[in-house]
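Residue numbers begin at 1 in each chain, while the letters A, B, ... track the order of the sequences. For the numbers below, each heavy atom of this structure counts, side chains included, while hydrogens, waters and symmetry mates do not.
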Number of protein chains: 2
Amino acid sequence: MRINCMCTANIQPATSQRKLLLSVIREAKGHLDAKELYRRASKRNASISLATVYRNLRFFKEQALIDERHFGHTRSCCYEMKRSEEHYHLVCRDCGHVIEFESPLIHKLVAEIRRKNNFDVTRVELCLEGYCHDCKKEEKPLSKVT
Amino acid sequence: MRINCMCTANIQPATSQRKLLLSVIREAKGHLDAKELYRRASKRNASISLATVYRNLRFFKEQALIDERHFGHTRSCCYEMKRSEEHYHLVCRDCGHVIEFESPLIHKLVAEIRRKNNFDVTRVELCLEGYCHDCKKEEKPLSKVT
DNA sequence: TTTGGAATGCGAATCAATTGCATGTGCACA
DNA sequence: TGTGCACATGCAATTGATTCGCATTCCAAA
């Protein structure tokens with residue numbers, strides 16, 4: 001019987017690029033987009049290609065190893081390792097800071113939808129924009145001379 | 001005193017293109033993306049340009065005349081007239097049907113966030129994906145021969 | 001009616017993401 | 001411990017959505 005290391009369990013074949021990409025995503029902790037993942041991976045393997053990054057992001061998504069998200073108005077998607085606990089994000093319009101949160105209200109909402117609309121929810125895309133603790137206290141000065 | 005018609009209240013200058021675009025959006029009822037808006041507007045004014053569509057979508061957004069949304073995994077945004085009642089969307093992964101819904105739970109959630117995270121929410125991006133009433137009952141046959 | 005500033009149309013540019021194709025490589029089986 | 005081959009990769013070109021530059025046109029205030 002063959003024992004797979006956790007790290008490569010679902011990646012067949014486990015190419016060096018895949019292992020590299022996964023470890024960059026894992027180490028990032030935060031949320032990176034494809035370009036940033038490419039930049040960081042390139043530092044360790046200069047020849048890796050952006051297409052490989054995109055292809056593997058799709059592959060990891062299919063394997064349910066990572067989650068893909070849309071933050072605010074940005075055009076590109078962000079990625080992070082899948083976690084057992086569901087969580088969602090607050091994005092500050094000023095400093096861009098991303099805060100994670102969770103709330104039982106979301107489960108409630110999904111249950112309500114299932115019941116009222118007879119709709120099977122498989123994915124919740126939820127992102128709140130606004131001003132974080134630090135940015136909101138600036139009382140938005142009318143004209144900010146830089 | 002000049003009385004502005006509702007239709008052109010916030011659009012200075014009220015060019016023919018702007019009036020056309022707004023009326024197409026208003027008549028669409030549903031949700032259209034820039035390309036579709038362009039297609040429909042072109043039928044009434046063949047010379048309108050796609051750049052004008054995008055420029056005015058941005059303008060209408062700034063004037064808070066329309067709302068911009070992201071549905072599911074589609075790459076482009078959808079637009080609809082701003083309404084007084086907040087509402088959100090369910091998108092069926094199968095047939096693409098968009099169902100609107102509202103729930104007091106969302107207000108609750110925003111209030112909770114404000115309190116717990118000291119975060120001023122200015123925008124809620126919420127979209128649920130899944131299978132609608134009609135599509136979910138198909139019990140997903142294992143292999144569908146077309 | 002004139003006129004200045006803003007809006008438009010067009011095509012080119014940009015940005016994110018995908019694809020085609022020739023080459024390279026992990027790994028199942030011998 | 002090879003060896004074949006399906007699949008992964010790198011590269012460059014492509015697509016699709018959106019934006020930009022610039023010359024021209026048009027609105028609206030005087």
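- An OP1 or OP2 oxygen of D/dG16 is reached within less than 4.0 angstrom by no side-chain nitrogen or oxygen of B/Lys35.
- Atom CG in A/Leu37 sits about 12 Å away from atom P in C/dA17, given to the nearest Å.
- Smallest separation of non-hydrogen atoms from A/Leu21 and A/Ala41: CD2-CB, 3.8 Å.
- Of the candidate nucleotides D/dT19, D/dA28, C/dA17, C/dA17 has the atom nearest to the side chain of A/Cys77.
- Taking the screw axis at each terminus of the helix from C/dT1-D/dA30 to C/dA30-D/dT1 from five consecutive base pairs, the angle between the two is 30° to within rounding of 10 degrees.
- For the pair A/Glu68 CD and C/dA16 P, the interatomic distance rounds to 15 Å; values are reported in whole Å.
- Look at B/Arg58 and you won't find any side-chain N or O under 4.0 angstrom from OP1 or OP2 of D/dA17.
- Using a 4.0 Å cut-off between a side-chain N of Lys or Arg and a carboxylate O of Asp or Glu, A/Arg69 and B/Glu125 do not qualify as a salt bridge.
- Salt bridge B/Arg83/B/Glu86: absent, no basic N to carboxylate O contact under 4.0 Å.
- A salt bridge is defined here as a Lys NZ or Arg NE, NH1 or NH2 lying under 4.0 Å from an Asp or Glu carboxylate O, and A/Glu80 with A/Lys61 fails to meet this definition.
- With rounding to whole Å, B/Phe60 atom CZ is found 17 Å from D/dT18 atom C1'.
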In a table with atom names and distances, give each donor-acceptor pair under 3.5 Å that connects a side chain of residues 103-110 of chain B to protein atoms at least two apart or in another chain.
| from | atom 1 | to | atom 2 | distance (Å) |
| --- | --- | --- | --- | --- |
| B/Ser103 | OG | A/Glu112 | OE2 | 3.0 |
| B/Ser103 | OG | B/Leu105 | N | 3.0 |

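- The structure places NE2 of A/His70 at 10.5 Å from CZ of A/Arg75, a figure rounded to the nearest 0.5 Å.
- One atom, CG of B/Leu57, and another, C1' of C/dT8, lie 15 Å apart when rounded to the nearest Å.
- The distance from atom OH of B/Tyr38 to atom P of D/dT19 is 16 Å, rounded to the nearest whole Å.
- If you take CG of B/Leu50 and P of C/dC10, they are 11 Å apart, rounded to a whole angstrom.
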Side chain to side chain donor-acceptor pair (under 3.5 Å) evaluation trace for B/Thr122 with B/Asp120: CA-CA 6 Å; B/Thr122 59; B/Asp120 244 354; over 6 Å; no
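- Ring planes of B/His89 and B/Phe71: tilted class, angle from 30 to 60°.
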Determine, for nucleotides 2-9 of chain D in 5'-to-3' order, which nucleotides have protein heavy atoms under 4.0 Å from the base (write B), from only the sugar-phosphate (write S), or from neither (write -). ------SB
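- A cation-pi geometry, defined here as NZ or CZ lying under 6.0 Å from the six-membered ring centre and within 45° of its normal, holds between B/Arg18 and B/Phe59.
- Whole-Å rounding puts the A/His70 NE2 to C/dA16 P distance at 12 Å.
- In this model, the phosphate group of C/dT18 is not approached by any side-chain N or O of A/Tyr54 to a distance below 4.0 Å at OP1 or OP2.
- In this structure, B/Leu22 atom CG and C/dA7 atom P are separated by 14 Å, rounded to whole Å.
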